[in-house]
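Here the structure comes first, spelled out in structure tokens, and everything after it is commentary.
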There are 2 protein chains.
Amino acid sequence: MTETRYGKGQYIFREGDPTEYFHIVKEGSVKCVKSSLDGKECTLKVLMPGDLFCCDASAFDGASHPGTAQPMGDVSVLRMKKDAYFKMLRANPDAAMEVIRYLGTRLNEAQEKAKVLALDRADQRLASLLISLAERSGVPEPNGIRVSVRLTRQDMANMVGVTTETAIRIMARFKKARLVSGTAARLVIRDLPKLRLLAST
Amino acid sequence: MTETRYGKGQYIFREGDPTEYFHIVKEGSVKCVKSSLDGKECTLKVLMPGDLFCCDASAFDGASHPGTAQPMGDVSVLRMKKDAYFKMLRANPDAAMEVIRYLGTRLNEAQEKAKVLALDRADQRLASLLISLAERSGVPEPNGIRVSVRLTRQDMANMVGVTTETAIRIMARFKKARLVSGTAARLVIRDLPKLRLLAST
DNA sequence: AATAAAACATGACAATTGTCATATTTTGAG
DNA sequence: CTCAAAATATGACAATTGTCATGTTTTATT
């Protein structure tokens with residue numbers, strides 16, 4: 001289990017690279033991105049400390065990475081050769097069960113995300129994103145919940161499958177309605193209950 | 001491990017039900033469905049024989065089912081109390097590794113689906129669906145690949161996040177362009193290469 | 001502090017997809 | 001075989017979202 005650091009402009013691995021390591025986020029956050037042939041990008045998930053990645057199918061059959069892992073700012077990642085990882089899981093039922101549980105959670109998340117993408121409007125999808133950001137990386141503050149992950153409007157757009165312009169317009173509406181305030185460097189969720197209402201309306 | 005049969009109009013379990021069993025499809029196919037508060041439905045996946053379900057996180061922490069499992073026609077399902085399932089996995093590293101591999105594959109699938117929903121137009125999403133149907137349940141025929149799962153236009157619409165009318169219109173265009181023929185009872189993929197081209201254009 | 005780059009913002013217009021209404025055809029149960 | 005229900009089909013129109021163009025503000029680097 002070795003520790004590796006990555007910084008701005010680097011990649012941990014890219015879509016199509018051969019899978020060699022199993023990873024865990026130690027510090028910072030990591031973006032999982034997939035892109036289509038015409039250059040459009042989609043951010044599947046922002047991984048936080050403790051999250052496993054590349055623990056999945058690609059590691060088994062020698063397939064290549066299904067997506068790109070990109071550090072958001074400076075990150076520190078633990079990694080282990082995939083053979084050692086599998087050996088460890090085989091020898092350690094507790095670890096294996098933990099990975100099963102983790103993958104199950106991730107699968108549920110991914111399916112919930114697919115549902116939102118399939119059924120909801122752009123503003124509802126953004127509201128859902130803001131809610132989960134508040135829950136997963138929110139820091140309570142006097143007038144709301146600050147999102148500790150730094151996400152630009154473009155990042156948010158990529159996470160919910162809309163254009164940057166649409167994300168900007170909707171966030172402007174949210175700001176006017178006092179649901180949120182600030183931008184990437186200091187995004188604050190000001191009215192979580194109303195966002196929840198909007199997400200399911 | 002007991003076998004249970006289900007027929008039309010029944011449910012194997014419904015969204016919100018407590019999780020008691022781990023399941024495997026033995027015969028027939030099973031729809032995994034999630035619905036939103038306003039009655040819209042989204043079909044996450046059609047499970048085929050050999051597929052595991054409810055093998056995921058919900059089974060761990062006593063959470064309820066995140067979606068509904070609905071038989072498509074007559075199906076036969078094997079099931080096992082979740083406690084016995086976990087005990088079995090703990091005692092059997094090969095089985096546990098197999099479940100990890102399976103969940104990883106499903107997670108990749110779900111993320112690929114999220115990407116398609118986030119980035120592609122309705123016609124591209126339908127083309128992607130037809131491609132995966134051809135691959136996963138296709139039966140070669142003189143003039144194409146017959147899809148052995150019976151899916152109405154509404155089913156397809158629910159699988160790619162569009163309205164039934166949109167699915168009907170796009171399938172009509174595909175039919176005119178000789179990419180497909182027939183409806184639910186006898187859907188045939190006639191030009192897989194062109195569908196692949198369309199899906200990535 | 002200066003400056004280039006990135007992010008944010010907004011308008012005008014186009015394209016896509018949804019909604020609602022209404023037929024027609026197909027399927028399945030009795 | 002008959003008949004009701006479900007599925008398919010199509011038109012007119014509305015709503016949503018994307019595209020492109022352009023300008024301002026913020027951020028980061030020297």
Side-chain angles (χ1 to χ4, degrees), chain A residues 7-9 31 36 38-43 70 72-74 116-127 129 147 149-177 180-188 198 201, chain B residues 7-9 31 36 38-43 70-74 116-127 129 147 149-177 180-188 198-199 201:
Chain A
K8 218 181 107 175
K31 254 199 296 193
S36 65
D38 49 337
K40 283 184 293 189
E41 284 198 346
C42 155
T43 299
Q70 197 178 344
M72 304 177 72
D74 290 336
V116 168
L117 286 168
L119 300 181
D120 293 352
R121 283 190 318 271
D123 57 341
Q124 297 176 300
R125 302 209 294 270
L126 260 171
L129 171 62
V147 175
V149 191
R150 188 193 177 92
L151 294 171
T152 65
R153 304 296 196 237
Q154 177 171 357
D155 290 327
M156 294 189 233
N158 285 341
M159 294 176 84
V160 300
V162 297
T163 58
T164 305
E165 291 92 331
T166 296
I168 287 174
R169 277 183 247 262
I170 292 173
M171 288 299 287
R173 289 205 325 250
F174 285 1
K175 197 173 202 166
K176 198 168 292 178
V180 300
S181 68
T183 55
R186 183 173 174 73
L187 174 62
V188 177
L198 177 61
T201 301
Chain B
K8 215 180 108 174
K31 256 199 294 195
S36 64
D38 50 335
K40 285 185 291 189
E41 284 197 347
C42 156
T43 299
Q70 197 178 343
M72 304 177 72
D74 291 337
V116 169
L117 286 169
L119 300 180
D120 293 352
R121 284 191 316 271
D123 58 341
Q124 297 176 300
R125 302 208 295 269
L126 259 171
L129 171 63
V147 174
V149 190
R150 187 193 179 92
L151 293 171
T152 66
R153 303 297 195 236
Q154 177 170 357
D155 290 327
M156 294 190 234
N158 286 341
M159 294 174 85
V160 299
V162 296
T163 58
T164 306
E165 291 92 330
T166 297
I168 287 174
R169 278 183 247 260
I170 292 173
M171 288 299 287
R173 290 207 322 250
F174 285 0
K175 197 173 203 165
K176 198 168 291 177
V180 301
S181 68
T183 55
R186 184 176 173 68
L187 174 61
V188 177
L198 177 62
T201 301

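Residue numbering restarts at 1 for every chain, and letters A, B, ... go by the order of the sequence lines.
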How many Å lie between [atom1] on [X] and [atom2] on [N], as a whole number?
X: A/Met156; N: C/dA6; atom1: CE; atom2: C1'; value: 15 Å
X: B/Gln154; N: C/dT26; atom1: CD; atom2: P; value: 19 Å
X: B/Met171; N: D/dA7; atom1: CE; atom2: P; value: 15 Å
X: B/Lys176; N: D/dA9; atom1: NZ; atom2: P; value: 11 Å
X: B/Ile168; N: D/dA7; atom1: CD1; atom2: C1'; value: 7 Å
X: A/Arg153; N: C/dC8; atom1: CZ; atom2: P; value: 6 Å
X: A/Leu151; N: C/dA7; atom1: CG; atom2: P; value: 12 Å
X: A/Asn158; N: C/dA7; atom1: CG; atom2: C1'; value: 14 Å

How close do [X] and [Y] get, counting heavy atoms only, and between which atoms?
X: A/Leu126; Y: A/Phe174; result: CB-CE2, 4.2 Å
X: B/Lys40; Y: A/Leu119; result: NZ-O, 3.0 Å
X: A/Gly182; Y: A/Leu187; result: O-CD1, 3.8 Å
X: A/Gln124; Y: A/Arg121; result: OE1-N, 2.9 Å
X: B/Ala199; Y: B/Asp120; result: O-OD2, 4.0 Å

Output side-chain donor-acceptor pairs under 3.5 Å for residues 154-161 of chain B, partner residues at least two apart or in another chain, one line each.
{"residue": "B/Asp155", "atom": "OD1", "partner": "B/Lys31", "partner atom": "NZ", "Å": "3.3"}
{"residue": "B/Asp155", "atom": "OD2", "partner": "B/Thr152", "partner atom": "N", "Å": "2.9"}
{"residue": "B/Asp155", "atom": "OD2", "partner": "B/Thr152", "partner atom": "OG1", "Å": "3.2"}

Can you give me the N/O atom pairs linking the protein to nucleotides 18-21 of chain D at distances under 3.5 Å, or say none if there are none?
{"residue": "D/dG18", "atom": "OP2", "partner": "A/Thr163", "partner atom": "N", "Å": "3.3"}
{"residue": "D/dG18", "atom": "OP2", "partner": "A/Thr163", "partner atom": "OG1", "Å": "3.3"}
{"residue": "D/dG18", "atom": "OP2", "partner": "A/Thr166", "partner atom": "OG1", "Å": "2.6"}
{"residue": "D/dT19", "atom": "O4", "partner": "A/Arg169", "partner atom": "NH2", "Å": "2.9"}
{"residue": "D/dC20", "atom": "N4", "partner": "A/Glu165", "partner atom": "OE2", "Å": "3.4"}

Note to self: If you compare every side-chain N and O of A/Lys8 against the phosphate oxygens of D/dT27 (OP1, OP2), does one of them come in below 4.0 Å?
What the structure shows: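 For D/dT27, OP1/OP2 do not have a side-chain N/O of A/Lys8 under 4.0 Å.
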Note to self: Under a 3.5 Å distance rule, please check whether A/Arg153 uses its side chain to pair with a backbone N or O of A/Ala167 as donor and acceptor.
What the structure shows: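 No.
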Next item on the list: Please figure out whether B/Thr152 or A/Ile170 has its closest DNA chain D nucleotide nearer the 5' end.
Entry: B/Thr152
Margin query: Considering every strand and a 4.0 Å limit on heavy-atom distances, what is the contact class for A/Arg150: base, sugar-phosphate, or nothing?
Written below: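 Since only primed, P, OP1 and OP2 atoms lie under 4.0 Å of A/Arg150, the category is sugar-phosphate.
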Next item on the list: Rounding to 10 degrees, work out the angle separating the end axes of the helix from C/dA1-D/dT30 to C/dG30-D/dC1 (five pairs an end).
Entry: 70°
Next item on the list: Supply the atom-to-atom distance B/Ile168 CD1 to B/Lys175 NZ, rounded to the nearest 0.5 angstrom.
Entry: 11.0 Å
Margin query: Can you identify which nucleotide, out of C/dA9, D/dT16, C/dT17, has its nearest atom closest to the A/Lys175 side chain?
Written below: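 Nucleotide nearest to A/Lys175's side chain: C/dA9.
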Checklist line | 4.5 Å side-chain heavy-atom contact, B/Thr183 and B/Met171 | finding: no
